[in-house]
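Counting starts at 1 for both ligands and their atoms, in listed order.
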Amino acid sequence: MATITVSAPGKVLLAGGYLVLDRAYQGLVFGLDARIYICVQAATNSETDSNSRKIIVRSPQFEKAHWVYSYVPAKDGVRITQSHESESDTRNPFVETTLVYVLTYLFHLSIDLVGDLNITILADDDYYSHTKSSTKGSFSKFGVTLANAHKTGLGSSAALVTSITAALLGAFVPHAANSEFSSHQHVIHNLAQAAHCAAQGKVGSGFDVAAAVYGSCLYRRFTPSLLEHVGDAGSDGFGERLHRCVENLDPHRPWDVEVLKQAVQIPRSLRLVLCDVDCGSQTPGMVKKVLAWRKERPEEADLLWSALQQGTEDLCAELKRLAQLEAIEEIKRENLRDTISTIRSLIREMSNKSGVPIEPPSQTELLDACCTVPGVVGGVVPGAGGYDAVVLLVEDNEKALVDLQNLLDKWKSTTESGSGIAKGRVSLLGVKQDVQGIKMEPAGTFVGWI
Ligand SMILES: Nc1ncnc2c1ncn2[C@@H]1O[C@H](COP(=O)(O)OP(=O)(O)OP(=O)(O)O)[C@@H](O)[C@H]1O
Ligand SMILES: C[C@@](O)(CCOP(=O)(O)O)CC(=O)O
């Protein structure tokens, strides 16, 4: 078995939050240069037993992040059990489910899953807003357990599931890793979507997994019943159904996901900037509430959804137009400003009508303040919105970032003081957009960590 080192990017959904749950609409998602890295290698001192195999998973940036599994190939899918040798007190559903799905798929290809495996995980710092306790190479030790880490919402689980999927595939089917997995991206995508949905316990839109595999794109989701049909791991015929689904062999349920990479571009003079709002509360059930409102008021919602879809398309088109024009002349950004501001006002309408704080007043205040900085073209609440983050389109130069940083250093919201939402610092994350999805990494990436 080959040693494989890969990475997959995080994501930010710039436009199309909530709409992208419905196939009739699209989401504009950017891959980020914050990545999750995986190294898969054969364990050296493996005691081989012909029936049972061991997989040792470590995420050494976190305390006690060590899971030991034994696995047994079975007719309806590989069975996995977490062993008492694990140092972690908790399970890691994303790791465990991905192992079950990928090994089941490989077993179905009649690939000989021999020997014990070591899997090591490393994540770029910006996935967690934690003070680092120490740094080795380009990665930090966070000095906390994963459960106590404060996530910044960049899609760590999707990047993790995708990179484990690609790494295992590359380790057991070496030609799959050729040219950055180009001929196997769809297999990685389909398998990672299935595993990620199963680990989450629901079929989401999957834009985060698509960004992890393909990078930035205009995304249209797959029909959810595609994955529902696969059923639960271990159920009768699971291995066969998973295999047919992953390889798109079922003529009655073809994969209908749409990933348009060429629709997405950003002018070279601009970059995305993410601001992490360190706040004490998150609104649970936002998706449920928005969808319930849409069901209750279909006509009103359809008008709003169409206008927002138009906003997404206009934003893609304007970014692309400016990116192409930029090579010839200095670009004017008024249209882009207007397009973003239209999307924002439609999101506020969605917030008001559904009663869900998608762009709550404190974020309106923050976004408005950021937009007064000369280098900031505009910004929105990404993804599902709420209190946690804003994303800005900013001129890609030192001055714009310094001016923005100065504003945020002094930032204090004046709204919602009685709402029970703890107002915290707003920090600039170091991430920006990255077009590339899954990729091979140099063997040296994990030096000092394995
Ligand atoms: N570095 C890591 N090592 C091991 N497991 C990780 C790591 N990062 C994330 N995970 C797994 O992913 C889970 C977090 O996934 P979750 O979907 O809640 O967050 P996210 O994908 O970062 O957030 P969001 O969907 O809001 O962008 C963790 O509980 C853990 O199971
Ligand atoms: C609300 C939704 O459309 C986007 C959620 O995005 P995020 O997890 O907030 O980045 C849900 C989804 O697409 O799965």
Side-chain angles (χ1 to χ4, degrees), residues 8 10-23 25-30 32 34-38 57-67 88 90-98 119-130 139-142 144-164 193 195-197 199-212 219-221 224 274 276 282-283 285-291 294 305 308 312 347 350 354 356 358 380-391 449:
K11 53 72 189 170
V12 60
L13 187 66
L14 192 65
Y18 301 97
L19 277 78
V20 70
L21 288 161
D22 180 339
R23 272 211 93 231
Y25 304 91
Q26 290 161 301
L28 169 57
V29 55
F30 282 91
L32 299 173
R35 293 182 159 261
I36 300 259
Y37 302 77
I38 298 289
V57 181
R58 286 193 188 82
S59 190
Q61 294 165 289
F62 297 96
E63 304 291 311
K64 295 167 84 178
H66 169 258
W67 301 267
S88 175
T90 51
R91 290 171 72 163
N92 189 324
F94 289 96
V95 166
E96 197 173 318
T97 311
T98 308
I119 299 182
T120 313
I121 304 165
L122 288 175
D124 278 327
D125 285 6
D126 276 331
Y127 281 98
Y128 317 95
S129 49
H130 255 284
F139 301 100
S140 299
K141 266 203 182 263
F142 296 109
V144 290
T145 60
L146 248 172
N148 288 327
H150 179 185
K151 293 178 307 163
T152 51
L154 305 187
S156 60
S157 61
L160 175 76
V161 167
T162 301
S163 46
I164 295 181
Q193 289 283 17
H196 195 250
C197 282
Q200 281 191 129
K202 61 170 198 261
V203 183
S205 72
F207 77 89
D208 43 4
V209 171
Y219 176 77
R220 191 187 301 281
R221 68 161 310 154
L274 269 100
D276 180 36
Q282 258 191 341
T283 310
M286 290 171 70
V287 171
K288 247 193 192 152
K289 278 194 196 159
V290 171
L291 298 186
R294 186 177 177 218
W305 261 232
L308 274 161
T312 301
I347 289 176
M350 198 199 252
S354 64
V356 176
I358 303 167
V380 293
V381 282
Y387 296 91
D388 295 337
V390 298
V391 56
W449 293 94

**Asked** Nearest 0.5 Å, what's the CG-CG distance between L154 and L274?
**Response** 6.5 Å
**Item:** Between OH on residue Y25 and CZ on residue R221, distance to nearest 0.5 Å
**Value:** 14.0 Å
**Asked** Going by heavy atoms, is V95 under 4.0 Å from ligand 1?
**Response** no
**Prompt:** For the atom pair CG (D126) and OG (S140), what is the distance rounded to the nearest 0.5 Å?
**Reply:** 10.0 Å
**Fill in**
Rounded to the nearest 0.5 angstrom, the CZ-OH distance for F142 and Y128 is 6.5 Å
**Fill in**
Quick look: D208 vs ligand 2, heavy-atom contacts under 4.0 Å, and the answer is neither
**Asked** From atom 28 (C) of ligand 1, is the closest protein heavy-atom distance below 4.0 Å?
**Response** no
**Request:** State if Q61 counts as touching ligand 1 under the rule of any non-hydrogen atom under 4.0 Å.
**Result:** no
**Request:** Check for a donor-acceptor pair, side chain of T97 on one end and backbone N or O of F94 on the other, with a separation under 3.5 Å.
**Result:** no
**Request:** List the closest protein heavy-atom neighbour of atom 4 (C) of ligand 2: residue, atom name, distance to the nearest 0.1 Å.
**Result:** F207 CE2, 3.8 Å
**Asked** Just heavy atoms, cut-off under 4.0 Å: does L154 contact ligand 1 by side chain, backbone, both, or neither?
**Response** backbone
**Proximity to ligand 2 by part of K11, non-hydrogen separation under 4.0 Å** = side chain
**Asked** Taking distance alone, with no angle check, do N92 and ligand 1 share an N/O pair under 3.5 Å?
**Response** yes
**Message:** I'd like to know if the side chain of Q193 and the backbone of V209 have a donor-acceptor N/O pair within less than 3.5 Å.
**Reply:** no
**Request:** Report the part of L19 (side chain from C-beta onward, or backbone N, CA, C, O) that has a heavy atom under 4.0 Å from ligand 2; answer both or neither where that applies.
**Result:** neither
**Asked** Is R294 close to D22 at the side-chain level, that is, under 4.5 Å between some pair of heavy atoms?
**Response** yes
**Asked** Which of the numbered atoms in ligand 2 are below 4.0 angstrom from a heavy atom of V20?
**Response** 3 (O), 13 (O)
**Item:** Shortest protein contact, atom 3 (N) of ligand 1 (heavy atom only)
**Value:** S59 OG, 2.8 Å
**Item:** Nearest neighbour of atom 23 (O) of ligand 1 from the list E96, R91, K151, on a heavy-atom basis
**Value:** K151
**Fill in**
Under 4.0 Å from one or more heavy atoms of S205, ligand 2 contributes atoms 12 (C), 13 (O), 14 (O)
**Message:** Could you work out, for atom 12 (O) of ligand 1, the closest of A199, S157, G153 by heavy-atom distance?
**Reply:** S157
**Request:** Run the numbers for me: atoms of ligand 2, each under 4.0 Å from some heavy atom of V287, listed by number.
**Result:** 1 (C)
**Request:** Look up atom CD1 in I36 and atom CG in D124, then write down how far apart they are to the nearest 0.5 Å.
**Result:** 8.0 Å
**Message:** Heavy-atom pairs closer than 4.0 Å: do any link ligand 1 to the side chain of Q200, the backbone, both, or neither?
**Reply:** neither
**Whether T152 side chain and Y127 backbone form a donor-acceptor pair below 3.5 Å** = yes
**Message:** I'd like to know if Y127 contacts ligand 1, where contact means a heavy-atom distance under 4.0 Å to any ligand atom.
**Reply:** no
**Message:** So, taking the atom named OG in S129 and the one named NZ in K151, what distance separates them when rounded to the nearest 0.5 Å?
**Reply:** 11.0 Å
**Request:** Using distance alone, decide if ligand 1 has a nitrogen or oxygen within less than 3.5 Å of any nitrogen or oxygen in S156.
**Result:** yes
**Request:** Could you say whether the N/O atoms of A384 and ligand 2 ever approach to under 3.5 Å?
**Result:** yes
**Request:** Would you check whether G155 reaches within less than 4.0 Å of ligand 1, judged by its heavy atoms?
**Result:** yes
**Message:** Show me which atoms of ligand 2 lie under 4.0 Å from any heavy atom of Y18.
**Reply:** 1 (C), 2 (C), 3 (O)
**Request:** Would you mind listing which atoms of ligand 1 come within a distance below 4.0 Å of any non-hydrogen atom of F62?
**Result:** 1 (N)
**Item:** Residue pair S354 / L291, side-chain heavy-atom distance below 4.5 Å
**Value:** no
**Prompt:** Side-chain contact, heavy-atom cut-off 4.5 Å: D208 with V29?
**Reply:** no
**Item:** Contact with ligand 1 for Y128, non-hydrogen, under 4.0 angstrom
**Value:** yes
**Asked** Passes side-chain contact (heavy atoms from CB on, under 4.5 Å), R58 versus W449? Steps please.
**Response** CA-CA 10 Å; R58 286 193 188 82; W449 293 94; over 6 Å; no
**Request:** Not counting sequence neighbours, which residues clear side-chain hydrogen bond (donor to acceptor under 3.5 Å, both in side chains) with S157? List them please.
**Result:** H196
**Message:** Quiz question for you: does at least one protein heavy atom lie closer than 4.0 Å to atom 8 (N) of ligand 1?
**Reply:** yes
